[in-house]
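Following: one structure in structure tokens, then a few remarks.
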Amino acid sequence: MASNTHTRPNMTEHVDQDPTSYQAAIYQKGLKYQRSPFTFKSLDWESLAAERLSVESKGYVVGNAGTGETARKNRAAFEKWSIVPRRLVATNTFPDLSTEVVGRKFPFPIAIAPVGVQKIFNPDGEIATARAAARERVPYIMSTASSTSIEDVAAANGDGARWYQLYWPSNEHNDITVSILRRAKQNGFSALVVTLDTYILGWRPSDMDNGYNPFLRSDQIGVAVGFTDPVFRAQFKKRHNVEVEENLGAAAAEWTRTVFPGFSHGWDDVKFLQEHFDGPIILKGIQTVADAQKAVEIGVQGIVVSNHGGRQTDGGNSSLGVLPKIVDAVGSKLDVLFDSGVRAGADVAKAMALGAKMCLIGRPYVYGLALGGEEGVSHVLKSLSGDLELTLHLAGVPSASPKDLNRSVLVREDDL
Ligand SMILES: Cc1cc2nc3c(=O)[nH]c(=O)nc-3n(C[C@H](O)[C@H](O)[C@H](O)COP(=O)(O)O)c2cc1C
Ligand SMILES: O=C(O)C(=O)c1ccccc1
């Protein structure tokens, strides 16, 4: 744990009150000289985590596509909207942060975004994150590029809510896709998140400078889903006459080609996933009204308005910038989720006010994982939800439901 943890010896009694807000609990603990594992300044998490990581891992998580223009715009877009401070709204309770997404209710409007290769950030990787997510009652979206198997993530997540993110093998590998979907369903992943923007990796200068692709490293991190898949294993054995373990390099290369085929599926192919996954489907990476409308036409239950945190296309638009138009076009027909650039409670509030039902958190929890494993991820999730709670409270917004948190809560900074 970080060195700024100060716990006085013999100060073991628990907080005697049960404060409603997380912030109140922090101040109570402070009275007993107990500190949180690392700072609450969410914009400092990146540089703190970077100090702990290898050059390669740091480059991988912090890095963006090309010049970083899309990622910068993601952040800048939040400052174009301001939260209207309404006064003398006679509220006497803390805001209700719960939200309903694809037919289920969640206590907070945040989710763990799918992030691959988590063992490069902390040896416990996905296990630590999946535990923290369950503990904090935040849904865990498991990446196909995980460094832990579907079965082990499910065990760590226990009775937590979890969804599976698919890196979608090309049609010639449909038997592998079916096998993955079956394992996900059997292991309690209730929804399928299909990422559309990463059938090939973007131009990533940091990783190219380091000659770094986590799939192809000698320790083959990020291939756990494939290496534990019975169909992939059987096919590999038939082709090479050896088990995956006997030729790890070839197996990693083959799995990488399977999940990053280098070309995209078409809209018609989504039907195959609908036929083979018994549960809601959410398309991740939507950035235009036209694509959002196609998602409605093919009958999926949700979309994530996302540009992959600016890691895929350089020179692109901000993700928040396109959110209102997409919500206007399809928000009454499917659930619109949001990610890319969320760093604080106010960011979540703004995306929700513009019509998102939930925000996926990407890099911030990865920094938490690097800084403090399970506790670190918990700290990040509690910070963001605690911050959101007070932000809404002070804005006079009684709940995160669209009836209270909508565009009337925002003003364009340029229009003031
Ligand atoms: C290190 C890293 C790995 C990622 N891996 C995946 C992945 O395996 N699947 C996926 O759909 N998105 C992946 N993403 C994208 C996130 O799900 C999310 O869209 C993005 O991080 C959101 O932007 P933010 O980092 O600004 O919050 C990854 C992002 C990072 C930073
Ligand atoms: O880095 C990413 O953004 C990503 O989606 C990914 C791709 C391959 C392996 C791990 C993560």
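In this text the structure is predicted, and so the values were computed from the model without any measurement. Atoms within a ligand are numbered from 1 in the order they appear, just like the ligands themselves.
The protein non-hydrogen atom at the shortest distance from atom 10 (C) of ligand 2 is Y60 OH, 3.2 Å. The protein heavy atom nearest to atom 5 (O) of ligand 2 is Y167 OH, 2.5 Å. Distance from atom 8 (C) of ligand 2 to its nearest protein heavy atom, with residue and atom name: F260 CZ, 3.4 Å.
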Note every protein N or O atom lying under 3.5 Å from an N or O atom of ligand 1, pairing the names and giving the distance.
{"from": "ligand 1", "atom 1": "5 (N)", "to": "G116", "atom 2": "N", "distance (Å)": "3.1"}
{"from": "ligand 1", "atom 1": "8 (O)", "to": "G116", "atom 2": "N", "distance (Å)": "3.4"}
{"from": "ligand 1", "atom 1": "8 (O)", "to": "S143", "atom 2": "OG", "distance (Å)": "2.6"}
{"from": "ligand 1", "atom 1": "9 (N)", "to": "Q165", "atom 2": "OE1", "distance (Å)": "3.1"}
{"from": "ligand 1", "atom 1": "9 (N)", "to": "Y167", "atom 2": "OH", "distance (Å)": "3.0"}
{"from": "ligand 1", "atom 1": "11 (O)", "to": "T195", "atom 2": "OG1", "distance (Å)": "2.7"}
{"from": "ligand 1", "atom 1": "11 (O)", "to": "K284", "atom 2": "NZ", "distance (Å)": "3.0"}
{"from": "ligand 1", "atom 1": "12 (N)", "to": "P114", "atom 2": "O", "distance (Å)": "3.2"}
{"from": "ligand 1", "atom 1": "12 (N)", "to": "K284", "atom 2": "NZ", "distance (Å)": "3.0"}
{"from": "ligand 1", "atom 1": "14 (N)", "to": "P114", "atom 2": "O", "distance (Å)": "3.3"}
{"from": "ligand 1", "atom 1": "14 (N)", "to": "H308", "atom 2": "NE2", "distance (Å)": "3.4"}
{"from": "ligand 1", "atom 1": "17 (O)", "to": "P114", "atom 2": "O", "distance (Å)": "2.7"}
{"from": "ligand 1", "atom 1": "17 (O)", "to": "K284", "atom 2": "NZ", "distance (Å)": "3.1"}
{"from": "ligand 1", "atom 1": "19 (O)", "to": "K284", "atom 2": "NZ", "distance (Å)": "3.0"}
{"from": "ligand 1", "atom 1": "19 (O)", "to": "D339", "atom 2": "OD1", "distance (Å)": "3.4"}
{"from": "ligand 1", "atom 1": "19 (O)", "to": "D339", "atom 2": "OD2", "distance (Å)": "2.7"}
{"from": "ligand 1", "atom 1": "25 (O)", "to": "R363", "atom 2": "N", "distance (Å)": "3.0"}
{"from": "ligand 1", "atom 1": "25 (O)", "to": "R363", "atom 2": "NH1", "distance (Å)": "3.2"}
{"from": "ligand 1", "atom 1": "26 (O)", "to": "G341", "atom 2": "N", "distance (Å)": "2.9"}
{"from": "ligand 1", "atom 1": "26 (O)", "to": "R343", "atom 2": "NH1", "distance (Å)": "3.2"}
{"from": "ligand 1", "atom 1": "26 (O)", "to": "R343", "atom 2": "NH2", "distance (Å)": "2.9"}
{"from": "ligand 1", "atom 1": "27 (O)", "to": "R343", "atom 2": "NH1", "distance (Å)": "3.3"}
{"from": "ligand 1", "atom 1": "27 (O)", "to": "G362", "atom 2": "N", "distance (Å)": "3.1"}

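Aromatic ring pairs are classed by plane angle as parallel below 30°, tilted from 30° to 60° and perpendicular above 60°; the pair F260 and Y167 is tilted.
Counting heavy atoms under 4.0 Å from ligand 2, residue Q312 does not touch it at all. Of all the heavy atoms of V115, none lies under 4.0 Å from any atom of ligand 2, so neither backbone nor side chain is involved.
In this structure, R204 has a heavy atom closer than 4.0 Å to ligand 2.
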Inset, instruction - Take I112 and V377, measure what side chain to side chain contact (heavy atoms under 4.5 Å, CB included) needs, and give me the verdict at the end. - result: CA-CA 10 Å; I112 291 282; V377 176; 4.2 Å; yes
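Taking the ring centre of Y367 as origin, the terminal cationic atom of R52 falls outside the region bounded by 6.0 Å and 45° from the ring axis. Relative to the ring axis of Y140, R162 does not place its NZ or CZ within 45° and under 6.0 Å from the centre.
Checking T67 against D314 by side-chain atom types alone, a donor-acceptor pair falls below 3.5 Å.
Of all atoms in ligand 2, numbered sequentially from 1 with element shown, those under 4.0 Å from a heavy atom of A145 are 9 (C), 10 (C).
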